[in-house]
Amino acid sequence: MFLLVFITFVLFRVCKFCKVKIKLFYLPKMSSRIITLAQLTPKMMMNKRVISSLLLLPLWSNLVLAQRPTSTLSPQPSQTGASQLKLQLPLSAESISRNFTTKMPEKRIAPTIESAADFELKLPGFLNKNKTLALLLDYDGTLAPIADNPKKTVMPIATEVILNKLAKHPNVFLAVISGRGIRDVQGRVGINGIMYAGNHGIEIESEDGSRHDYQLPVEVQENYTHLVKELRANVEKNNAWVEDKRVSLTYHYRDTPVDIKESQKQVAIKIIEAHGFRANQAHEAIEAKPPVNWHKGEAARFILKHKFGENWADEIKVIFAGDDTTDEDAMRLLQGLGKSFRISTDPEIQTFADFRLARQDLVSDLLKWISDAYGV
Ligand SMILES: O=P(O)(O)OC[C@H]1O[C@H](O[C@H]2O[C@H](CO)[C@@H](O)[C@H](O)[C@H]2O)[C@H](O)[C@@H](O)[C@@H]1O
């Protein structure tokens with residue numbers, strides 16, 4: 001292993017000395033993330049794919065010495081010293097460690113839960129009232145059924161009642177991770193003393209009110225302002241509208257006439273992408289998210305680390321439930337570390353979740369299953 005590290009080091013020194021501008025492969029659809037060599041664990045270094053990746057580095061194109069955008073968030077996985085060599089690779093260190101040392105996570109058709117009884121049948125003994133449970137939940141389409149306007153959503157009474165009880169249980173930790181602005185989702189859920197994440201995790205607020213805001217690079221913030229203006233000027237018409245959430249937006253087109261819906265949506269996607277933002281399909285809407293390596297998955301991981309420390313996966317049980325494409329980031333990162341549920345009526349849906357919940361109303365049954373196990 002030492003030899004490998006040494007060879008890699010020498011390769012970098014030689015390339016630097018020769019002033020060779022080295023470049024990495026651009027892998028389409030994989031977002032660029034930053035890792036440091038120091039983050040490669042011995043286990044990863046023994047992996048054949050990582051070894052060949054390192055040895056082939058000088059032959060690749062587009063190697064970039066880069067600095068991670070600053071953030072007020074802590075813990076920061078790669079902020080271990082400004083002097084470290086940082087390489088822009090297509091995968092983060094943690095995903096390399098997870099993907100290459102274990103099985104590469106893949107979306108697939110997940111086993112379905114169709115009734116309240118299915119939870120214990122398919123997950124016998126998963127819950128243990130003596131072990132802490134972290135319950136991470138999405139809001140729209142999960143806690144509240146989808147409505148034709150974001151202002152019209154309400155949680156079913158049964159959900160609200162159980163959620164309030166679970167929030168008070170000493171062995172249950174509750175967090176709501178939403179694409180909405182944080183104040184909006186807090187107001188709708190209305191439970192004090194739990195953790196909230198808004199804007200797909202960019203804003204996080206702890207139970208005691210302390211904030212963790214992912215710091216977007218200035219140019220991304222500027223692009224966002226232009227993006228809102230341009231969408232409003234060009235595609236806020238025919239009943240479509242822009243929900244400006246300050247750092248991310250949702251373009252709602254539910255009420256646009258069917259014959260022009262698709263073409264107008266495509267124009268909106270082009271505008272979003274032209275401003276460097278990511279366009280995610282949602283329910284009769286497009287989510288425009290900033291081009292940063294921060295999403296519901298990273299937010300979930302941050303919340304769990306913040307609350308339970310580095311070894312959270314060994315200490316607690318985790319359940320995540322969500323219904324949308326943006327929830328898949330959390331389902332992917334929690335694979336093998338907790339149990340996740342994707343709410344979808346589509347039996348063919350491909351997901352990173354462990355289970356598909358066939359209907360939104362099964363969320364109340366999921367909460368009931370938990371509250372029964374914890375004697376709430
Ligand atoms: O992450 P979530 O809590 O699920 O939030 C995702 C988005 O939800 C809202 O839009 C969606 O729900 C609306 C109400 O049911 C519905 O009218 C809309 O069609 C859906 O896309 C919200 O408006 C967005 O800001 C959230 O990002």
Side-chain angles (χ1 to χ4, degrees), residues 135-156 159-160 163 174-191 194-205 224 227-228 231 235-236 238-256 258 261 264-265 268-269 272 277-290 294-300 303 320-334 340-345 349 351-353 357 359-361 363 366:
L135 183 54
L136 313 179
L137 301 165
D138 165 56
Y139 177 73
D140 286 283
T142 302
L143 286 174
I146 292 294
D148 60 11
N149 186 296
K151 290 200 176 88
K152 291 191 193 162
T153 57
V154 266
M155 284 198 289
T159 301
E160 201 180 327
L163 213 53
L174 189 55
V176 178
I177 305 179
S178 174
R180 290 188 182 235
I182 196 160
R183 293 286 172 253
D184 184 3
V185 68
Q186 281 171 330
R188 279 172 193 281
V189 176
I191 304 177
I194 66 169
M195 214 155 161
Y196 289 92
N199 265 304
H200 309 282
I202 290 173
E203 333 171 78
I204 299 177
E205 199 166 290
Y224 179 77
L227 170 59
V228 174
L231 282 175
V235 285
E236 205 171 44
N238 304 317
N239 300 325
W241 58 283
V242 174
E243 183 187 356
D244 175 5
K245 298 176 285 184
R246 219 176 37 83
V247 284
S248 86
L249 64 82
T250 309
Y251 176 68
H252 294 270
Y253 58 82
R254 180 183 303 276
D255 298 324
T256 302
V258 183
K261 207 181 238 191
Q264 192 169 298
K265 168 186 142 183
I269 291 175
I272 290 166
F277 273 61
R278 294 181 183 139
N280 277 144
Q281 184 66 54
H283 300 284
E284 297 281 321
I286 298 294
E287 302 279 4
K289 289 166 57 192
W294 196 261
H295 43 65
K296 284 192 176 191
E298 292 296 348
I303 288 170
F320 177 86
D323 72 310
D324 224 333
T325 50
T326 59
D327 298 309
E328 288 288 337
D329 290 318
M331 292 159 184
R332 179 171 46 85
L333 289 194
L334 290 172
S340 59
F341 301 86
R342 169 88 192 251
I343 297 119
S344 174
T345 52
I349 198 152
T351 178
F352 287 117
L357 294 192
R359 304 177 310 276
Q360 186 277 330
D361 64 287
V363 173
L366 166 69

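In listed order, ligands and their atoms are each counted from 1.
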ask   = Can you tell me if His283 and Asp140 form a side-chain donor-acceptor pair at under 3.5 Å?
value =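 Looking only at side-chain atoms, Asp140 and His283 do not form any donor-acceptor pair under 3.5 Å.
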
May I ask which of [options] has a heavy atom nearer to [atom] than the others do?
{"atom": "atom 14 (C) of ligand 1", "options": "Thr153, Thr326, Val176", "value": "Thr153"}
{"atom": "atom 19 (O) of ligand 1", "options": "Gln281, Arg254, Lys289", "value": "Arg254"}
{"atom": "atom 7 (C) of ligand 1", "options": "Glu243, Lys151, Glu287", "value": "Glu287"}
{"atom": "atom 10 (O) of ligand 1", "options": "His252, Arg180, Glu284, His283", "value": "His252"}

Check: Where does the angle between the aromatic ring planes of Phe277 and Tyr224 fall among parallel (under 30°), tilted (30 to 60°) and perpendicular (over 60°)?
Finding: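 The arrangement is tilted - the two ring planes meet at 30° to 60°.
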
Residue portion contacting ligand 1 (non-hydrogen atoms closer than 4.0 Å) for Thr250 =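 It is the side chain that gets close, since no backbone atom is under 4.0 Å.
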
Original post:
What part of Ser178, side chain, backbone, both or neither, has a heavy atom within less than 4.0 angstrom of ligand 1?
Top reply: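 Both backbone and side chain of Ser178 come within 4.0 Å of ligand 1.
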
Residue [X] vicinity, atoms of ligand 1 by number, heavy atom under 4.0 Å:
{"X": "Lys296", "answer": "1 (O), 2 (P)"}
{"X": "Asn149", "answer": "17 (O)"}
{"X": "Ala285", "answer": "21 (O)"}
{"X": "Tyr139", "answer": "3 (O)"}

What protein heavy atom lies closest to [atom]? Include the residue and the distance to one decimal.
{"atom": "atom 15 (O) of ligand 1", "value": "Ala147 N, 2.7 Å"}
{"atom": "atom 5 (O) of ligand 1", "value": "Asp140 OD2, 3.3 Å"}
{"atom": "atom 2 (P) of ligand 1", "value": "Asp138 OD1, 2.8 Å"}

Review point. Do any nitrogen or oxygen atoms of Lys245 lie less than 3.5 angstrom from nitrogen or oxygen atoms of ligand 1?
Key: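 In this structure, Lys245 places an N or O atom under 3.5 Å from an N or O of ligand 1.
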
Does an N or O anywhere in Gly179 fall below 3.5 Å from an N or O of ligand 1?
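Indeed, backbone or side chain, Gly179 has an N or O that close.
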
| query | With a 4.0 Å cut-off, would you call Glu284 and Lys265 a salt bridge? | reply |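 Here Glu284 does not pair with Lys265 in a salt bridge, since their nearest N and O are not under 4.0 Å apart.
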
Point to revise | Working for side chain to side chain contact (heavy atoms under 4.5 Å, CB included), residues Lys151 and Arg188 | key: CA-CA 9 Å; Lys151 290 200 176 88; Arg188 279 172 193 281; 4.3 Å; yes

[Y] backbone acceptor or donor facing [X] side chain under 3.5 Å:
{"X": "Lys261", "Y": "Arg254", "result": "yes"}
{"X": "Gln360", "Y": "Ile343", "result": "no"}
{"X": "Thr153", "Y": "Ala147", "result": "no"}

**Request:** Please state whether Asp324 comes within less than 4.0 angstrom of ligand 1, counting heavy atoms only.
**Result:**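 False for this residue.
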
Lys152 touching ligand 1 at heavy-atom level, < 4.0 angstrom:
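Per 4.0 Å heavy-atom rule, Lys152 does not contact ligand 1.
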
Begin from the C-alpha positions of Lys289 and Lys296 and carry the test side chain to side chain contact (heavy atoms under 4.5 Å, CB included) through to its verdict.
CA-CA 11 Å; Lys289 289 166 57 192; Lys296 284 192 176 191; over 6 Å; no

TODO: Give, for atom CG of Asp138 and atom CG of Leu143, the distance between the pair rounded to the nearest 0.5 Å.
DONE: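 The CG atom of Asp138 sits 7.0 Å away from the CG atom of Leu143.
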
**Prompt:** CG of Leu366 to CG of Leu137: how many Å apart, nearest 0.5 Å?
**Reply:**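 If I round to the nearest 0.5 Å, the distance is 7.5 Å.
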
So, applying side-chain contact (heavy atoms from CB on, under 4.5 Å) with Tyr196, which one of Val185, Ile204, Ile303 is it?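 It is Val185; the other options fail the test.
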
